[in-house]
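By convention in this document, chain letters (A, B, ...) are assigned in the order of the sequence lines, proteins followed by strands, and residues within each chain are numbered from 1.
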Amino acid sequence: MAELRNVIVFTIGATRYAVELRWVREVVSLGFVTGVPTAPVALGGVCNLHGQILPVLDVSAVLGHPPGPPARQGDGALVLETEGVVCALRVDQVDHVASLHESGGEIIDAGGRTLTLLDPAMIVRIALEMITAVGAGEPAA
Amino acid sequence: MSDLDLDFDADELAMLRQLFRTEAQEALESVTTRVLAGGTAKPSSEALTEMMRVTHTLKGAAGTVGLHTMVDLSHRLESALASFGREPSPWTPATADLLVEVTDALRGYLDQAGEPASEAVADKIRDQIDQIARPDRRPESLPPRFVEPPPETVLEPIADGAPVPETKSYLRVEPERIDELMSSAGELLFDRTRIERRVQLLRTLARDLARTRQNLHDALDTEGTPSRAALGEAESELAGQAALLSQTTAALLDEIEALRRTIGDLQKGLTRMRMDSARNLFLHAARTLRALRRATGVHVELKTIGEDTEFDKAVAEQLVDPITQLLRNAVAHGVEPPEERAAKGKPASATVTIRARQDGNLLVLEVSDDGRGIDTAALRERLVSAGHWSATRAQLADDGEILDALLGTGVSVRGDADELAGRGIGIGLVRQTVAKLGGEVKVSSNPGRGTTFSLRLPLSTALAQAMLFKVGGQVYAIPNVHVIDTTLVDASATTATVRHEQLPVVRLEALLGHGTAAERRPGVVVSFAGKNLVCTVDKIVGPREIIIKPLGPLLAPLTLYAGATISGSGKVQLILDPAHLVRSAYPDAPDAAITDAVSAPMVLAGRALVIDDSRAIREAMTSMLGREGWIVDVAEDGARALQMTRQLRYDLIVTDLEMPELGGFDLIVHLRKDERFKTTPIVIITSRANPEHRRRARDLGVRALVAKPITRRKLLEALATR
């Protein structure tokens, strides 16, 4: 059953994704990205967003795909807020905001192409698991 | 006195005395209230008894915390109260007032009790009490109507030529706020003790469970069917242990909840202590503007709104410079010359408005002038001609972006007398300062009507001193409280000698994933939980004041980091957690030794129940018994104790005699009727050790009767009695 969703459509690498607007707090251009040694590659670093520490995630790595390029100052990012966590997804391009039909976790865009609908809560959970897995231990030497 | 040194360490004694003071204040207050309730009439015998009980408790508690003069004074007061109940009663209509004076004097004395200088005050109070008890002996000519306050200490004026102390910044804090914190901090210690006690209990329980399991295992291991008796015994043991476990867990949860509340109070208290209202900042702004007016001759008035807005004193201090800069800007660049203002129909005198308000967790400060505003077209040209922006970019940018560019330090050119440059430099500093505080600056302009700079920043900040250093091109920090020195470490050395001590070396470049360096490098000497180590770094940046930011839930599992801070240029810098570094340097040390280096292993003696209506005594006993390996529960009266004994078995009961609700002897009578407590050792602690009491105690099978004040030696002797 197709349902209308208010989404923001964006591109990371060659893949197009959508995420529901209600989770998106803002679209920003990243400030200086500080690397976090010992963290998994899915955590691209941390940024200063309005004086708070903003973790920047690499969606490809979170989803188990090869990681994208490291996040850098000036990169575009979506700031998401879900389950009490505020984090940013590095994106290559923000395409547009639209009301699109969802069916079984996929979004059909105006051109009839399908794109993946990301669930921010799931992204945060997976990232948290990845970070927890390395958290207490020493880094791989 | 010397016994006390053995019984408590200095901190503990100070804490117990503080507790005693609070308790005594309340006790004396209750006496005052009762006396006042009766006017000048003699209090009823019930009221007298109650007052005597309260005074008596006071005496016992004072002895236990080593305030011997206070013991004497409360003893005298108790005797005086007792004498009123006898016939002929020395009570006269004037006694009520005198009694109130005595309790007031005692309350004043409490604060200095224990100090040698207080003895003179105590002597006066002693005379006063004696005269109340024997009014016939009061010298008519010199009624001791009040106790003279102790002479005020006169500060020696600093002699001319004496070195002037270095100016430091101080927080001015109302004493009550400190008192609140002190009491929360004391509470924290109690909370910790209580939780530690429960944990000990859980340890015993784990051992008991292992034993039961072994019994069960043995029973099942024997040939044939295990005996019903053996299984039944194991079952009943298990039932008891399960009950104890669920009770302990529940108690532990309560205690953790109490701890959470105490920490909350402490945090709130600390935050409040650091709060300042915008009023001081506004006063400063008014002074600055007055000076500017005199210096430039520009007619400008200050209007302030929201002076009751509260925010961190540290934030307020840091805001002084930015506000000064913004005012200077408004006067120098914002406000038009009088003829221009007149032509525009504006009042001759310009107005600068500072508005402070709270928006959620943020402080919003707006500085606006009613001047000419910022000419964005000119700014656009300026950006292009100075080579900062391309013509296309300047064309595409909206006014907001153009104004934002003004805040960037890059816009201005040093030495350029141009208006824009002048603004740029100063405003760049404003932005840097605000960014350091974790905030941001926005500028908006209404051409011809004025300019508004709005500063949004956190209401409070956690400022800390930290040592900053570089590793692998990034700057990291370690809180200065954990940094004791810096040194040099030889290439590939695994230990370094610092102050004649061999310390392990943690190679931060390796820990932070930048490979190993082959040369001699700087090291930061870190100390945490009694363990020291040296961290090698690329370069030491030096000590800085930083604002600690939490990493948030997503990064919390990374135990290497304790938080982050934001540099003046807005970059995030990670703060390393010394606890993690110590674990890296001492991999074999158990975690417990790191988190709590002071807790020593204990031999468990059993579970004890302490019943006394003075909290100071309960805590003192808990501490003494705890040191002997007892797990201690406490009750404030016999009724509560009886309730507790119904649920749990105790291996030792220590009780006071006189308590509200159910007294000590009644409690013991009840306990001895209970099969489980028929032979349990009972120790009575009392300050009424008369022969009648001793006989009753002996009849009830009480092991020992200890006279207050309790010392550890007396207690140990009592416990050793058979």
Side-chain angles (χ1 to χ4, degrees), chain A residues 26 28-58 62 70-74 79-89 120-121 123-141, chain B residues 361-363 434-442 455-458 461 471-476 506-516 547-561 563-577 580-581 583-584 587 591:
Chain A
E26 43 186 317
V28 296
S29 141
L30 291 177
F32 183 87
V33 182
T34 300
V36 183
T38 76
V41 66
L43 177 70
V46 286
C47 257
N48 165 14
L49 180 75
H50 317 306
Q52 300 305 313
I53 308 299
L54 176 75
V56 183
L57 297 178
D58 179 330
V62 171
R72 280 184 198 290
Q73 183 160 14
V79 181
L80 306 180
E81 184 169 6
T82 172
E83 311 211 316
V85 173
V86 177
C87 64
L89 307 183
I123 299 280
V124 165
R125 267 201 302 277
I126 298 175
L128 192 57
E129 272 170 31
M130 289 175 156
I131 292 168
T132 309
V134 302
E138 297 300 316
Chain B
N361 275 329
L362 292 178
L363 163 70
V434 173
K436 224 183 105 197
L437 290 169
E440 54 186 352
V441 186
K442 285 244 181 310
L455 283 52
R456 298 172 66 84
L457 57 173
T461 58
V471 179
Q474 282 191 174
V475 176
Y476 295 88
V506 173
R507 298 262 157 202
L508 273 191
E509 61 276 11
L511 190 64
L512 298 174
H514 299 289
T516 45
I547 289 157
I548 300 173
K549 303 267 175 188
L551 285 174
L554 197 55
L555 301 181
L558 298 170
T559 56
L560 175 56
Y561 309 107
T565 184
I566 293 173
S567 72
S569 59
K571 290 180 186 172
V572 176
Q573 298 168 340
L574 295 164
I575 302 169
L576 301 183
D577 188 346
H580 187 102
L581 299 175
R583 280 196 294 273
S584 304
D591 262 14

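- Here the shortest heavy-atom pairing between Val124(A) and Leu554(B) reads O-CD1, 3.9 Å.
- Of the options Val36(A), Thr34(A), Leu54(A), a side chain to side chain contact (heavy atoms under 4.5 Å, CB included) to Val572(B) is made by Thr34(A) and by none of the others.
- Considering every non-hydrogen atom in both Leu574(B) and Pro37(A), the closest pair reads CD1-CD, 4.3 Å.
- Here salt bridge (Lys or Arg N to Asp or Glu O under 4.0 Å) pairs that include residues 38-47 of chain A, with residues two or more places apart or in two chains, number zero.
- Contact of Cys87(A) with chain B is made through the side chain alone, with heavy-atom distances under 4.5 Å.
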query: side-chain contact (heavy atoms from CB on, under 4.5 Å) between Val134(A) and Leu558(B): does it pass, once the steps are laid out?
result: CA-CA 7 Å; Val134(A) 302; Leu558(B) 298 170; 4.0 Å; yes
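- With rounding to the nearest 0.5 angstrom, the OG1 atom of Thr38(A) is 5.0 Å from the CG atom of Leu560(B).
- Residues Ile53(A) and Lys549(B) share a closest heavy-atom pair of CG1-CB, 3.7 Å.
- With sequence neighbours left out, the side chain to side chain donor-acceptor pair (under 3.5 Å) criterion links Glu81(A) to Arg25(A).
- The shortest non-hydrogen separation linking Pro553(B) to Leu128(A) is O-CD1, 3.7 Å.
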